[in-house]
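Lettering follows sequence order; numbering is per chain, from 1. Every value quoted in this text rests on a predicted model; they were computed, and no experiment measured them.
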Amino acid sequence: MDIQRPRGTRDFLFEEMKERKEIETTLRRVFETYGYGEIKTPLFEDLALFTMKSGEGIVEQIYNFQDKGGRDLALRPELTAPVARLYINELQKSPKPLKMYYFGSCFRYERPQKGRWRQFWQMGCELIGGKSPESEAEIIAMATHSLEELGLTDFEIHIGNLGIIRGILDQADVEKGVQDIIMAIIDKGEIDELLKTLNELKIDPKTSEILLTLVGLVGHREIIKEASEIIKDSPESVEALEELEELLDILEAFGFSNYTVNLGIARGLDYYSGIVFEIYARSLGAQKQISGGGTYNLIEIFGGEKVESTGFAFGFDRLVECVRQCGRAKSLPKTVDVYVAPISKELKLKAFEVAQILRKNSIKTEVDLVGRKLKKILSLANNLQADYVILVGERDLEEGKVTMKDMESGKQELVEIESLTQEIKELLKAA
RNA sequence: GCCGGGGUGGGGUAGUUGGUUAUCCUACGGGACUGUGGAUCCCGCGACUCGGGUUCGAAUCUCGGCCCCGGCCCCA
């Protein structure tokens, strides 16, 4: 019988887990320095939680099932909906703003390819209540800060405000449903298709022209000026643009000016209400988006009181890939510092004793468990890159000592068992 | 869902105009070698992704499945 891993899933081995854990730890540290606390939600939820948010259509891409009680459940395909649910269930009356972060795996039934798996990890945060350019800026600053802490530099952060385009559409009396169709096309970035659709929908030429120009505005601060010329007849858009500008000012105060203003970001779904941002890592190829976020009104959709929240999530697996490409994979910690080897079988119990002394002092210690010959142990210790091998032999033991062999130099010395821990700790620290 | 490239011991590979026992490296187990050679040498273990077809004969040709890689669609 040959059982294979399900399609689109991965096994992570020792080295890779160390790498992932290090990235996870770094992000946790950054999130916590900004005052976010960790939460965790279940791996599966009521299917309706996701269809409510994204429409029935997404069931196609969800791992869903009925449990023995006939409940329609789904492995979560993302984490913002569960987090909103958690908020409504547990935290609605808590003081705002509420800052929380999460890390966990999600599942989507999709065709696997580079940067896309059927089980993947997201790490992100949510700031609920207290919507303001200040909190939005802080979130973007935190996302950027996180990437810097990981040593990444080759990324672009694009910021936009949906209110600008929505304002133009409102001004032209385009109804909500039609707006959503247009936003979806803008999100794809297909200019030709957008042009075609605007014609088909009989949007007036002036509005179409404004939209096409706005969507093409991508650049630094100066495009705000260009945009403000174009939209000056729509008060709603003017307000949104001012809001965006204020956000950029604040962001600079937080120390980040390396952003791109991109009015073409639309983020398909209609509950996004204000600023949106996406981060790309060019080196990743087709699946280059490593993060997406913005301000939205999701909680109300789920029946909570109206509260806006701002959040973003990193595609954790893609971050791992970036860090790896960046070659900044720090030297990984060794698995073992010391290997304890009994010189003869009779001394194995003594070897265990010695190993335990070291382990209780937090020294990473391996000891022979299968009666290997000394030569074999030295060979293994060498392959594991252990720093020292402790040879436990009868002659030394008579004096209460063991032999400590430096695997780098090959030199060895007799050490009192009592002072062994101390000695090794100092040597490891020095190295 | 679509297009293209792949799949040989645990890891990395050679071999593919069909033809003995499928190559080498590494890892692993044992030995030469009993408190010390981590070197060297010897021995061992272990693979053609799965199924059908063509053929006297298939890792090799062919069809299909599975899985992987790159891209398209999608991407909450």
Side-chain angles (χ1 to χ4, degrees), chain A residues 1-11 13 15 45 47 49-62 74 76-84 106-118 120 122 124 184 187-190 193 266-272 276 278 284-294 296 298 301 311-313 315 318 339 341-347 351 370-398 401-412 414:
Chain A
M1 187 164 55
D2 178 25
I3 297 180
Q4 291 190 330
R5 211 179 333 116
R7 182 157 201 225
T9 62
R10 293 159 288 169
D11 294 314
L13 269 40
E15 293 279 292
E45 294 269 3
L47 177 62
L49 178 65
F50 304 110
T51 54
M52 236 189 258
K53 176 179 177 231
S54 312
E56 287 296 331
I58 48 139
V59 175
E60 285 278 300
Q61 284 157 56
I62 287 183
R76 61 190 184 198
E78 47 104 14
L79 280 160
T80 53
V83 169
C106 300
F107 304 82
R108 292 183 192 178
Y109 192 86
E110 292 184 296
R111 165 80 167 72
Q113 64 187 80
K114 186 182 174 70
R116 179 183 282 180
W117 291 276
R118 287 184 170 182
F120 60 97
Q122 284 194 340
D187 188 40
K188 283 206 276 184
E190 296 282 340
E193 195 185 337
R267 305 235 93 200
L269 295 173
D270 54 4
Y271 49 78
Y272 281 91
V276 284
E278 295 183 347
L284 290 188
Q287 310 298 332
K288 66 177 181 174
Q289 187 181 330
I290 52 176
S291 177
Y296 33 79
L298 194 52
I301 293 180
F312 75 94
R318 293 181 189 173
Y339 212 120
I343 281 166
S344 66
K345 274 184 193 165
E346 292 68 41
L347 293 166
V370 292
R372 275 187 252 256
K373 288 180 188 165
L374 184 56
K375 177 182 149 68
K376 200 72 205 173
I377 295 172
L378 285 168
S379 169
L380 271 174
N382 193 43
N383 285 341
L384 290 173
Q385 297 182 313
D387 294 296
Y388 300 97
V389 169
I390 304 303
L391 302 163
V392 179
E394 205 152 358
R395 290 208 296 266
D396 305 340
L397 282 175
E398 280 168 17
K401 291 178 179 172
V402 288
T403 297
M404 181 174 75
K405 185 181 181 78
D406 181 327
M407 293 301 281
E408 183 90 26
S409 64
K411 284 178 190 152
Q412 31 188 87
L414 275 171

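Other residues, nucleotides and ligands contribute at most 12 non-hydrogen atoms within 6.0 Å of the CD atom of A:Glu394. For OH of A:Tyr109, the number of neighbouring non-hydrogen atoms (other residues, nucleotides, ligands) closer than 6.0 Å is 12 at most.
The listed nucleotides are B:G1, B:C66, B:A76; the one nearest the side chain of A:Gln4 is B:C66. Among the nucleotides B:G71, B:C75, B:A76, the one closest to the side chain of A:Asp187 is B:A76. Distances from the side chain of A:Lys53 to the nucleotides B:A76, B:C75, B:G38 place B:A76 closest. Comparing B:A76, B:G70, B:A27 against the side chain of A:Arg111 picks out B:G70 as the nearest.
OP1 or OP2 of B:G29 has at least one side-chain nitrogen or oxygen of A:Arg372 nearer than 4.0 Å. Checking the phosphate oxygens (OP1, OP2) of B:C28, no side-chain nitrogen or oxygen of A:Lys376 falls inside 4.0 Å. Listed pair A:Arg7 / B:C68 meets the phosphate criterion, a side-chain N or O lying under 4.0 Å from OP1 or OP2. For the OP1/OP2 pair of B:G31 and a distance below 4.0 Å, the side-chain nitrogens and oxygens of A:Lys373 include at least one atom meeting the criterion. Side-chain nitrogen and oxygen atoms of A:Asn383 include at least one within less than 4.0 Å of the OP1 or OP2 phosphate oxygen of B:C28.
Here A:Arg5 lies out of heavy-atom contact (under 4.0 Å) with every strand. When heavy atoms are screened at a 4.0 angstrom cut-off, A:Gly8 is found touching the sugar-phosphate backbone but no base atom. No contact: A:Gln289 has no heavy atom under 4.0 Å from any strand. At a threshold of 4.0 angstrom between heavy atoms, the contacts of A:Ile377 with the nucleic acid are absent. The residue A:Gly410 sits close to a base: some heavy atom pair falls under 4.0 Å. As judged by a 4.0 angstrom heavy-atom cut-off over every strand, A:Thr403 is placed among the base-contacting residues. At a threshold of 4.0 angstrom between heavy atoms, the contacts of A:Tyr271 are confined to the sugar-phosphate backbone, with no base atom among them. Residue contacts for A:Lys188: at a heavy-atom cut-off of 4.0 Å it reaches the sugar-phosphate backbone alone, with no base atom in range.
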Any N/O pairs under 3.5 Å between the protein and nucleotides 40-47 of chain B? List them or say none.
residue, atom, partner, partner atom, Å
B:U40, O4, A:Lys375, NZ, 3.3

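Nearest heavy-atom pair across A:Ile58 and A:Gly55 is CG1-O, 2.9 Å.
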